[in-house]
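Read the numbers this way: they start at 1 and go in the same order the structure lists the ligands and their atoms. What's counted below: heavy atoms across the whole structure, side chains too, no hydrogens, waters or symmetry copies.
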Amino acid sequence: MAEAFRIRGGARLRGGIEVRGAKNSVLKTMAASILFDQPIEIENLPLIEDVSRMSELLTGLGVDAQKSGERRLRLNAAGLKTSSLDSEIAKRFRASIVVAGPVLARTGRTQFPHPGGCLIGKRPIDVFLDGWRAMGAKVTEARKERGGTFEVSAKSLTGADLTLRVPSVTGTETLMMTAVLARGRTVIRNAAMEPEISALAEFLDASGARIHGAGTPTITIDGTAGQPLRPTGSFRVIPDRIEAGSFLVMGAAIGEKLKIQQCNPDHLRVPIALLEDMGARIQLGDDWIEVSHARALSGVEIKTREYPGFPTDLQAPFTVLLTQAAGQSVVFETIFENRLGHVDDLKRMGADIFVADPQRILINGPTALRGREIESPDLRAGLAFMFAGMLASGETVVRNAYQIDRGYEKIEERLRSAGAEIERI
Ligand code: EPU
């Protein structure tokens with residue numbers, strides 16, 4: 001039987017809650033192990049399902065993956081034996097495509113299926129394919145009936161001047177890693193600027209790569225012409241800003257001095273500013289945020305943006321919070337075409353939401369929510385539903401716990417220790 005979470009609404013959150021390492025940082029660093037011919041060590045590992053899937057994918061390529069401590073992972077790609085990604089595993093999560101870049105750079109070829117991940121939009125991969133072509137690779141796509149596999153090969157990869165059509169996060173990471181072992185200079189323009197990209201670049205730089213400008217729209221990489229990287233120290237996964245932001249949103253509604261620990265408030269400046277506009281009471285430290293609910297929250301307008309703007313991954317929990325705010329709020333999802341799938345279920349729970357178009361909603365609040373049985377469509381909406389259950393009267397069951405476990409470690413235990421009434425069933 002698939003697992004689910006049962007939530008009883010009405011509890012308050014208090015005390016401390018620690019943020020784990022970021023899913024979207026650790027997965028890319030695990031992929032980067034292929035750029036090395038010596039073991040790399042990753043610390044502050046989040047114990048989540050996507051990390052297990054990435055370990056399986058890398059193991060299938062011949063990478064040796066060993067836990068070297070409760071939150072430490074050692075990856076050794078010295079014995080890389082194939083350049084084909086296992087399609088069954090790769091289709092289960094989007095970050096799988098990031099592995100293709102280092103594999104291509106190290107072996108001159110790679111084969112992978114169209115990557116899976118959350119069904120939140122079309123999620124094309126033209127940015128990756130165009131970048132590889134410009135660097136001298138040949139790309140072929142086998143027909144759908146033969147599984148829709150992509151084959152990319154290059155006798156030698158040469159640096160190129162790339163302008164990304166959209167600042168894709170995984171596209172930037174993948175092309176940056178491909179360029180690290182290429183011959184000559186690559187420039188990536190209109191690059192994504194997410195903190196997970198800068199963290200990855202810093203680690204690669206400390207290991208012999210020559211990357212400048214990560215965290216800005218223009219990244220320059222001088223390739224090593226095939227020379228693998230050498231680690232000089234371990235990589236510490238940065239705190240998950242989306243997990244921290246989700247706890248913050250919960251605290252703004254039902255927190256009584258909820259202290260979110262081991263996070264980086266600098267990565268959440270825009271969500272924090274919006275919560276303050278709504279009336280939430282927030283205090284910041286170097287690596288913590290304390291939040292208490294306001295007597296009354298007021299509505300705001302939210303538009304999702306690339307970093308440092310408001311993150312699309314926090315749109316679902318904010319939508320839930322806005323059902324509790326007075327007046328009319330607007331949510332405009334600009335990154336993905338299909339990321340308002342949670343709205344229908346929230347309406348069934350009692351929310352007053354008008355869908356203006358597939359990317360825009362108007363929320364009137366505050367409204368009382370009623371517990372229901374709902375299915376988690378993706379990990380971010382799944383956690384938002386758990387939050388809706390915490391606000392609702394009665395009992396809520398969120399099915400498809402796997403989706404939530406993909407990105408949040410033992411979430412029910414951690415929220416329970418902060419006061420929530422949640423159990424895994
Ligand atoms: N896009 C293209 N062509 C491409 C690549 C992207 O048109 O070749 C479009 C997408 O369709 C989308 C936009 O560009 O409309 C932005 O997509 P991006 O490529 O930046 O997203 P991603 O790299 O697939 C990562 C995170 C997502 C997060 C987005 C946006 C990982 C593994 N995933 O996805 O995280 O929402 O950036 O910040 O890093 C999640 O963790 O739940 C999640 C979905």
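Distances below 4.0 Å separate heavy atoms of I335 from the following atoms of ligand 1: 12 (C), 13 (C), 15 (O), 16 (C). Counting the atoms of ligand 1 from 1 in the order shown, those under 4.0 Å from a heavy atom of A95 are 32 (C). Shown in contact with V127 at under 4.0 Å from a heavy atom are these atoms of ligand 1, numbered in order with element: 3 (N), 4 (C), 8 (O). Interface of R94 with ligand 1, defined as ligand atoms under 4.0 Å from a residue heavy atom, comprises 5 (C), 24 (O). Counting the atoms of ligand 1 from 1 in the order shown, those under 4.0 Å from a heavy atom of R165 are 2 (C), 3 (N), 7 (O). Each of the following atoms of ligand 1 lies closer than 4.0 Å to a heavy atom of P124: 2 (C), 3 (N), 4 (C), 5 (C), 6 (C), 7 (O), 8 (O), 11 (O). Counting atoms of ligand 1 from 1 in the listed order, those under 4.0 Å from a heavy atom of R380 are 40 (C), 41 (O), 42 (O).
Of the heavy atoms in Q315, none comes closer than 4.0 Å to ligand 1. At a heavy-atom distance under 4.0 Å, only side-chain atoms of K23, from C-beta outward, approach ligand 1.
In this structure D205 satisfies the side chain to side chain donor-acceptor pair (under 3.5 Å) test with no other residue, sequence neighbours excluded.
Salt bridge status for E41 with R74: present, with a side-chain N to carboxylate O gap under 4.0 Å. The residues D313 and R339 are annotated as salt-bridged, a charged nitrogen and a carboxylate oxygen being separated by less than 4.0 angstrom.
Not a single heavy atom of E173 sits closer than 4.0 Å to an atom of ligand 1. Heavy atoms of R406 come nearer than 4.0 angstrom to ligand 1 in no pair at all.
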Full working for side-chain contact (heavy atoms from CB on, under 4.5 Å) between E194 and V169: CA-CA 7 Å; E194 272 63 8; V169 174; 3.6 Å; yes
Could you walk me through whether F93 and Y402 pass the ring-ring contact (aromatic ring centres under 6.0 Å, His included) check? CA-CA 12 Å; F93 66 122; Y402 177 80; over 10 Å; no
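The 12-atom threshold is exceeded at CZ of R414, counting heavy atoms of other residues, nucleotides or ligands nearer than 6.0 Å. More than 12 heavy-atom neighbours from other residues, nucleotides or ligands sit within 6.0 angstrom of CZ on R416.
Using the six-membered ring where Trp is involved, Y307 and H267 have ring planes that are perpendicular, over 60° apart on the 30 and 60° scheme.
With F332 as the aromatic partner, R360 meets the cation-pi criteria of under 6.0 angstrom to the ring centre and within 45 degrees of the ring axis.
The shortest N/O to N/O separation between N24 and ligand 1 falls below 3.5 Å.
In this structure, of V166, I97, T170, the residue bringing a heavy atom nearest to atom 22 (P) of ligand 1 is T170.
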